[in-house]
Amino acid sequence: QVQLVESGGGSVQAGESLRLSCAASKNIYTMAWFRQAPGKEREGVAGIDNYGITSYEDSVKGRFTISRDNPKNTLYLQMNNLQTEDTAMYYCAAKPGGGRVLERRDYWYWGQGTQVTVSS
């Protein structure tokens with residue numbers, strides 16, 4: 001079994017920053033951040049493979065940065081210049097293989113989520 005635990009969410013004003021963390025119980029090849037706003041489907045935000053190759057959803061490019069610390073089994077999402085449209089529950093996810101990164105149905109393991117709320 002693999003356990004994922006997110007932290008770092010909170011309430012901020014537009015233009016501010018947050019850094020999310022995901023602590024994993026072991027190393028997994030591909031990890032990603034997804035988010036889900038009320039009334040909408042869960043969407044891929046950013047992903048990273050075991051060697052640091054990254055993928056981003058278009059709306060967060062230039063603002064968000066995904067990274068991982070493999071010796072610590074920890075995933076991060078640095079979110080800068082947050083906007084109200086970024087408000088959502090953010091989930092950490094992992095899968096053992098490579099291939100496509102931002103398709104939610106491909107992921108085997110999920111965290112419980114951490115809430116990010118951005119106010120204008």
Side-chain angles (χ1 to χ4, degrees):
Q1 291 276 37
V2 175
Q3 294 178 313
L4 306 173
V5 180
E6 303 98 330
S7 61
S11 297
V12 299
Q13 292 186 316
E16 296 182 341
S17 299
L18 284 173
R19 188 193 192 206
L20 306 183
S21 298
C22 173
S25 59
K26 64 183 295 183
N27 179 269
I28 311 99
Y29 191 90
T30 302
M31 301 187 73
W33 291 97
F34 289 77
R35 66 186 180 187
Q36 187 167 23
K40 296 192 174 184
E41 295 186 356
R42 194 170 300 185
E43 65 175 359
V45 177
I48 186 168
D49 73 9
N50 198 54
Y51 295 96
I53 306 301
T54 58
S55 300
Y56 293 95
E57 193 273 326
D58 286 344
S59 70
V60 308
K61 289 179 180 177
R63 298 190 297 122
F64 291 10
T65 302
I66 189 170
S67 62
R68 63 192 293 168
D69 185 337
N70 286 342
K72 295 182 179 179
N73 294 328
T74 302
L75 178 73
Y76 302 99
L77 185 67
Q78 179 67 45
M79 303 184 294
N80 296 331
N81 192 25
L82 283 161
Q83 304 298 307
T84 57
E85 293 80 14
D86 298 314
T87 295
M89 184 73 73
Y90 283 71
Y91 297 91
C92 177
K95 64 187 180 82
R100 61 188 184 180
V101 177
L102 299 181
E103 172 52 59
R104 62 182 173 87
R105 295 197 300 172
D106 289 347
Y107 282 80
W108 292 18
Y109 310 109
W110 293 87
Q112 82 290 339
T114 185
Q115 179 68 38
V116 172
T117 302
V118 185
S119 301
S120 62

Check your understanding: Is there a donor-acceptor pair under 3.5 Å between the side chain of Glu6 and the backbone N or O of Gln112?
Key -> yes
Heavy-atom closest pair (Gly8 atom, Leu18 atom, distance to 0.1 Å) is O-CD2, 3.8 Å
Sequence neighbours excluded, the answer for side chain to side chain contact (heavy atoms under 4.5 Å, CB included) partners of Tyr109 is Val2, Leu4, Ala94
Practice task
Give the intermediate values and the outcome of side chain to side chain contact (heavy atoms under 4.5 Å, CB included) for residues Trp33 and Cys92.
Solution key: CA-CA 5 Å; Trp33 291 97; Cys92 177; 4.1 Å; yes
Rounded to the nearest 0.5 Å, the CD1 atom of Ile48 sits from the OH atom of Tyr76 at a distance of 12.0 Å
Output for pair (Thr65 OG1, Leu77 CG), nearest 0.5 Å, gives 8.0 Å
With a cut-off of 6.0 Å (strictly less than), are more than 12 heavy atoms of other residues, nucleotides or ligands near CD of Gln115? yes
Between Val60 and Met79, is the side chain to side chain contact (heavy atoms under 4.5 Å, CB included) condition met? List the steps.
CA-CA 9 Å; Val60 308; Met79 303 184 294; over 6 Å; no
Practice problem: Determine yes or no for a side-chain-to-main-chain donor-acceptor pair under 3.5 angstrom, with Thr114 supplying the side chain and Ser7 the backbone. | Solution: no
Worksheet item: Would Asp49 and Thr30 satisfy side-chain hydrogen bond (donor to acceptor under 3.5 Å, both in side chains), going step by step from the backbone distance to the final call?
Response: CA-CA 4 Å; Asp49 73 9; Thr30 302; over 6 Å; no
Note to self: I'd like to know if Ile66 and Leu82 are part of one continuous hydrophobic network [Ile/Leu/Val/Met/Phe/Trp/Tyr, side-chain heavy atoms within less than 4.5 Å].
What the structure shows: yes
Closest heavy-atom pair, Ala88 versus Arg35, reported as atoms and distance to 0.1 Å, is CB-CB, 3.8 Å
When every non-hydrogen atom of Arg63 is compared with those of Asn81, the smallest separation belongs to NH1-O, 3.0 Å
Flag yes if Leu75 and Val45 sit in one hydrophobic cluster, no otherwise; membership is Ile, Leu, Val, Met, Phe, Trp, Tyr, and two members link when side-chain heavy atoms are under 4.5 Å apart. yes
task: Using the side chain to side chain contact (heavy atoms under 4.5 Å, CB included) rule, take Cys22 and Met31 through it: C-alpha gap first, then chi angles, then the decisive distance, then the call.
output: CA-CA 10 Å; Cys22 173; Met31 301 187 73; 4.2 Å; yes
Applying ring pair (Phe, Tyr, Trp, His ring centres under 6.0 Å) to Tyr56 and not counting sequence neighbours gives none
Derivation of the side chain to side chain contact (heavy atoms under 4.5 Å, CB included) call for Tyr107 and Leu102:
CA-CA 9 Å; Tyr107 282 80; Leu102 299 181; 5.5 Å; no
Problem set entry | Gln36 side chain reached by Arg104 side chain, heavy atoms, under 4.5 Å | no
Looking only at heavy atoms, the pair that brings Glu57 and Gly44 closest together is CB-O, 3.3 Å
To the nearest 0.5 Å, atom CE of Met89 lies from atom OG1 of Thr117 at 8.5 Å
*Would a 4.5 Å heavy-atom cut-off, applied to side chains only, mark Asp69 and Pro71 as touching?*
yes
Nearest heavy-atom approach of Phe34 to Val101 is CZ-O, 4.3 Å
Check for a donor-acceptor pair, side chain of Gln83 on one end and backbone N or O of Glu85 on the other, with a separation under 3.5 Å.
no
Kindly say whether Tyr51 contributes a backbone atom to a donor-acceptor pair with the side chain of Arg68 at under 3.5 angstrom?
-> no
- Message: Using only atom types and a distance under 3.5 Å, with no angle test, would you say the side chain of Thr87 pairs donor to acceptor with the backbone of Val118?
- Response: yes
